[in-house]
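Working notes for the structure below.
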Amino acid sequence: MTTVLIVEDDVDIALTLQRMLERQGYDVTWADTGQKGLDAIRDNPHVVLLDLGLPDMDGLDVCQQARDDGYDGGIMILTARSDELDRVVGLDYGADDYLPKPFPIAEMQARVRALARRAERMRGVADDTLAPVSEPAEAQPAAPVEAPDVSGSLRVNTAARRVFVGPQELTLTTKEFDVVALLDADRGAVVTRERLMSEVWDENWFGSTKTLDVTMGRLRAKLDEAGSTVEVVTVRGVGFRLEDGTAGA
């Protein structure tokens with residue numbers, strides 16, 4: 001069953017959301033403080049609905065801490081803060097979506113469905129990477145150990161959802177990984193903004209495409225910090241491409 005965590009200190013809002021989502025078939029839990037929310041996120045819910053105005057800590061800090069701790073499910077911020085800068089900051093802290101209060105229930109339901117579908121797909125891919133247990137085989141001569149790659153080249157393992165620059169593994173959010181994997185699958189070619197929004201943010205995305213630019217900015221910074229020889233190049237008015245051998249020159 002798809003699990004949803006509500007982190008919200010307003011009892012009326014939380015109970016309304018909980019009842020509504022349970023009627024939709026979700027398994028819903030509720031935390032009324034940021035710390036309780038972080039504790040509940042360790043159970044790895046598919047989707048987190050996160051209020052920013054929590055009594056013990058800012059919801060942005062909850063979002064960032066959850067990502068730092070390795071949570072890769074969907075995070076949707078629900079808040080009375082509607083300023084565009086607040087939206088960008090929320091996405092920069094690792095949120096997947098942002099919905100200002102008051103919001104239409106149908107729209108919120110559609111966004112939760114989109115995040116839940118993405119989380120289910122991700123977990124299905126992760127499960128497929130688990131090797132079956134088998135009887136031990138006869139010992140074989142050890143394969144030669146390759147020297148570590150220190151060239152700054154970018155390697156994307158889509159099955160394991162891992163990205164390396166040389167020997168270093170990058171810590172990426174769900175969206176950052178999905179973006180770089182899509183660009184890497186067609187490296188050197190331009191991937192349009194429309195395709196990125198459709199395949200990474202889902203065709204039901206309701207928000208501004210500025211979230212794509214924010215994600216690209218974070219991804220570029222992480223590649224640069226790791227000394228990557230591959231960079232994300234903007235093709236103005238069209239989209240983006242991964243280009244080899246230009247970064248770090």
Side-chain angles (χ1 to χ4, degrees), residues 1-81 86-103 105 108-109 111-127 129-130 160-162 169-178 207 211 214-215 218 222:
M1 181 179 290
T2 302
T3 53
V4 177
L5 169 65
I6 301 169
V7 186
E8 167 68 68
D9 66 319
D10 187 306
V11 176
D12 292 334
I13 293 176
L15 292 179
T16 298
L17 288 174
Q18 184 171 11
R19 286 193 294 267
M20 181 270 296
L21 290 169
E22 286 176 343
R23 285 197 296 269
Q24 296 288 315
Y26 297 103
D27 181 11
V28 184
T29 55
W30 168 38
D32 59 2
T33 69
Q35 187 55 58
K36 290 179 183 177
L38 287 171
D39 292 340
I41 286 172
R42 295 192 181 98
D43 292 331
N44 204 24
H46 291 85
V47 179
V48 176
L49 304 183
L50 176 62
D51 181 42
L52 293 188
L54 299 169
D56 57 335
M57 58 194 302
D58 193 296
L60 291 176
D61 294 328
V62 175
C63 182
Q64 185 174 49
Q65 185 62 56
R67 292 306 191 199
D68 290 345
D69 290 344
Y71 175 68
D72 62 358
I75 298 179
M76 181 162 64
I77 290 175
L78 306 177
T79 179
R81 307 178 196 175
D86 287 325
R87 298 185 189 214
V88 172
V89 170
L91 296 168
D92 201 31
Y93 271 65
D96 296 290
D97 202 350
Y98 190 114
L99 192 59
K101 301 173 184 176
F103 47 80
I105 293 297
M108 192 275 291
Q109 290 173 332
R111 295 192 187 201
V112 170
R113 285 196 298 272
L115 290 176
R117 283 197 301 270
R118 191 172 303 114
E120 292 281 8
R121 287 198 300 268
M122 285 177 54
R123 294 180 187 189
V125 168
D127 289 343
T129 66
L130 298 178
R161 294 188 66 86
R162 302 176 73 182
E169 182 172 2
L170 299 187
T171 300
L172 301 180
T173 67
T174 301
K175 294 296 190 298
E176 290 165 3
F177 176 86
D178 290 342
T211 184
V214 171
T215 301
R218 291 198 309 263
K222 291 179 180 181

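- Minimum interatomic distance between Cys63 and Ala95 (heavy atoms only, all atoms of both residues): SG-N, 3.4 Å.
- Pairing each heavy atom of Gln18 with each of Ile6, the nearest pair is N-CD1, 3.6 Å.
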Only distances under 3.5 Å count here; give the side-chain donor-acceptor pairs of residues 26-34 to other protein atoms, sequence neighbours excluded, each with its distance to 0.1 Å.
residue, atom, partner, partner atom, Å
Trp30, NE1, Glu8, O, 2.7
Asp32, OD1, Lys36, NZ, 3.1
Thr33, OG1, Lys36, N, 3.1

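- Of all heavy-atom pairs spanning Glu169 and Arg162, the tightest one is OE1-NH2, 2.8 Å.
- Asp56 approaches Gln35 most closely through the heavy-atom pair OD2-N, 3.1 Å.
- For the atom pair Gln24 CD and Glu22 CD, the distance stands at 11.5 Å (nearest 0.5 Å).
- Across all non-hydrogen atoms, the minimal contact from Ile75 to Leu50 is CG2-CD2, 4.3 Å.
- Looking only at side-chain heavy atoms (C-beta outward), Leu60 and Ile77 come within less than 4.5 Å of each other.
- Across all their heavy atoms, Leu49 and Val112 have their closest contact at CD2-CG2, 3.9 Å.
- Leu5 places a side-chain heavy atom less than 4.5 Å from the side chain of Val7.
- A salt bridge is absent between Arg118 and Asp72: the closest approach of a Lys/Arg side-chain nitrogen to an acidic carboxylate oxygen does not fall below 4.0 angstrom.
- A donor-acceptor pair under 3.5 Å is formed between the side chain of Arg111 and the backbone N or O of Tyr98.
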Going by atom type alone, with no hydrogens or angles, which donor-acceptor pairs under 3.5 Å involve a side-chain atom of residues 9-16 and a protein atom two or more places apart or on another chain?
residue, atom, partner, partner atom, Å
Asp10, OD1, Asp12, N, 3.0
Asp10, OD1, Ile13, N, 3.1
Thr16, OG1, Asp12, O, 2.8

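- One N or O on the side chain of Thr3 and one on the backbone of His46 form a donor-acceptor pair closer than 3.5 Å.
- In this structure, Lys222 contributes its side chain and Thr171 its backbone to a donor-acceptor pair below 3.5 Å.
- Under the 3.5 Å distance criterion, with hydrogens and angles disregarded, a donor-acceptor pair is assigned to the side chains of Gln65 and Asp69.
- Between Glu176 and Leu170 the shortest side-chain heavy-atom distance does not fall below 4.5 Å.
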